[in-house]
Amino acid sequence: MKTVVMKFGGTSVGSAEAIEQAASLVRKARPDWQHIVVVVSAMRGVTDALIRGAVTASRGDAQTYQSLVADLRTRHARVVAELLSKSASQSALLKVIEAYLDTFAAFCQSVHVLGEVTPRAMDAISSLGEQINARIVAAQLCELGIYAQAVDASELVVTDRHFQEAAPLMDLTRERVESKLKPMLRDRIVPVVTGFVGATEDGVTTTLGRGGSDYSAAILGAALDADEVWTWTDVDGVLTADPRIVPNARIIPELSYSEIGELAYFGAKVLHPKAIRPVVERGIPLWVKNTFNPGCAGTRIISEPRTTPGTIKAVTAIQGLSMVTVEGRGMMGVPGIAARTFSAVASQGANVLMISQASSEQSICFVIPTAGVSPVITALENEMALELARRDIDRVWSMDDVVIVSAVGAGMRGTPGVAARLFSTLAAEAINVIAIAQGSSENSISLVVAADQAAQAVRQIHSEVINYEQD
Ligand code: ADP
Ligand code: ASP
Ligand code: MG
């Protein structure tokens, strides 16, 4: 039986028109696929609104969440009115939506009374947008004569208790998929599953991290042993750069799992970085397609695409970072300094995006999100107190407002001169490279540059290196 999991992102199901289009894409796929599982995000902006309601309520503001409830009610009601033809089905759906929005208001009220929002409460609140939208999309599919049913992923995707960034427990998830999803598919029902959401084994709602609906689709694809996973979004596929920085970015027809892994990790928002792992393990092809331009084939992600030696396929940037440096002439002789540095960093839960060590061993630098810098520096100063007192280490310091710009492409493997071309093109524009690291897979080279030069660096690499390669 041919099975496809199709995920629709926030813009792809963000208005009545978009939902109509998404539903028509599902209908078009019916003749080719016996089993279709749909995964949906909340409407664009809804998750942000839910989170804002919770945060403002926790800070003593009892007004904002109430006006957000009113806005969400109007927005969803308008969409339902535009989509559903019969007033009986409209009012049934509106009642369901109303109940979710009442839950949102009640949660915010409790958060307001308590004066804090725990990660667990945040998951209960931020998952409501997907729960609402799964009902709307299922109703629209039924309008088209497709037997569809909304399914809460909290019944399918079993996760650990790491609220707001939960990891799936695949064996348990597979069991649930077997017992709950497969029977629906056998009955030719199209399940419309909430993206982004999971639950612990005992049923407490969790979420998989922002942008996590891609991850949900990949998890379900793996659990179902699907033939393909498609993510429908609002651009033609994975592009050579972020189109908001480089308006003439072009579509990349094929990428390997490891290339997309690097791209997503280094900031290409088009796919959640964790969405790769479940599909890689089973070798399931992943497609990124444009809901609003379905005639374009999109990007196909597989294990071994064709590569042209020397080619860089894409350039990305991650903002909001700081570079922390531990430096001192006496570091050379101190054993285990790197291990101690990184265990101090790990103790603060900071996510290290890039590491670079000078060969003289006189400094170790690493890049982390700016929000985590001050606890990390304190932890490092405590860990290295003795070395600092002895002046083996001179100082631990951070440079804020930096961006990692990465050039990605398996074609650079074993091809000399790629890095040289990158640096000379940046030097020609007087862009200062603060630090460099090459991915061990040789699929990427990452550079740290000042935030105010980042967009220029991306455009320069895009026009001089990527265009140059493909001409
Ligand atoms: P969805 O809601 O469908 O998941 P997202 O907003 O999460 O959509 O991701 C799609 C967006 O990612 C695009 O609209 C685009 O602005 C941005 N983006 C950043 N880098 C890239 C890239 N290299 N290729 C394609 N899109 C990118
Ligand atoms: N709605 C969630 C978010 O905004 C998940 C997603 O869109 O993928 O983060
Ligand atoms: Mg997304």
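Just follow the structure's listing: the first ligand is 1, and inside any ligand the first atom is 1. In what follows, every heavy atom counts, from backbone to side chain, and hydrogens, waters and symmetry copies are set aside.
- Remark: E201 CD is loosely packed, at most 12 non-hydrogen atoms of other residues, nucleotides or ligands lying under 6.0 Å away.
- Nearest protein heavy-atom neighbour of atom 23 (N) of ligand 1: L239 O, 3.1 Å.
- Considering backbone and side-chain N/O of R244, one or more are found under 3.5 Å from N/O of ligand 1.
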Enumerate, atom names and distances included, each donor-acceptor pair closer than 3.5 Å involving a side-chain atom of residues 154-162, sequence neighbours excluded.
from	atom 1	to	atom 2	distance (Å)
T159	OG1	T206	OG1	2.9
D160	OD1	H162	N	3.2
D160	OD1	A167	N	3.0

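- Classification of the W230-W33 ring pair by plane angle, with boundaries at 30° and 60°, yields perpendicular.
- Residue, atom and distance of the protein heavy atom nearest to atom 8 (O) of ligand 1 are T233 OG1, 3.2 Å.
- Looking only at heavy atoms of the protein, atom 21 (C) of ligand 1 is closest to D242 CA, 3.8 Å.
- Residues Y265 and S406 fail the side-chain proximity criterion, which asks for heavy atoms closer than 4.5 Å.
- The A268 neighbourhood of ligand 1 comprises atoms 20 (N), 23 (N), with distances under 4.0 Å to a heavy atom of that residue.
- No hydrogens or angles considered: a donor-acceptor pair under 3.5 Å links the side chains of T11 and R44.
- In this structure, E281 pairs ionically with R277, as a charged nitrogen and a carboxylate oxygen lie closer than 4.0 Å.
- Under the 3.5 Å distance criterion, the side-chain polar atoms of D214 are matched with a main-chain donor or acceptor of H272.
- Looking from atom 12 (O) of ligand 1 to the surrounding protein, the closest heavy atom is V270 N, 3.5 Å.
- If you check which protein heavy atom lies closest to atom 13 (C) of ligand 1, you get D234 OD1, 3.5 Å.
- Taking only nitrogen or oxygen atoms, main chain and side chain alike, K269 reaches within less than 3.5 Å of ligand 1.
- Taking 4.0 Å as the cut-off between side-chain N and carboxylate O, R210 and D48 count as a salt-bridged pair.
- Among all non-hydrogen protein atoms, the one lying nearest atom 4 (O) of ligand 1 is K7 NZ, 2.9 Å.
- With salt bridges taken as basic N to acidic carboxylate O contacts below 4.0 Å, one links R135 and D152.
- Distances shorter than 4.0 angstrom occur between a heavy atom of G237 and an atom of ligand 1.
- The N/O atoms of V235, backbone and side chain alike, include none that comes under 3.5 Å of an N/O atom in ligand 1.
- Salt-bridge check for R244 with D242: passed, with a basic side-chain N closer than 4.0 Å to an acidic carboxylate O.
- Remark: among candidates A241, G9, P243, the nearest residue to atom 27 (C) of ligand 1 is P243, based on non-hydrogen atoms.
- With respect to D32 and K2, no salt bridge is recorded, no charged nitrogen being found less than 4.0 Å from a carboxylate O.
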Carefully, step by step, assess L255 and R300 under the rule side chain to side chain contact (heavy atoms under 4.5 Å, CB included). CA-CA 6 Å; L255 281 168; R300 178 169 175 245; over 6 Å; no

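- Contact residues of ligand 2 (protein heavy atom closer than 4.0 angstrom to a ligand atom; sorted by chain and number): S41, T47, E130, F196, R210, G211, G212, S213.
- Under the 4.0 angstrom criterion for non-hydrogen atoms, H272 is not in contact with ligand 1.
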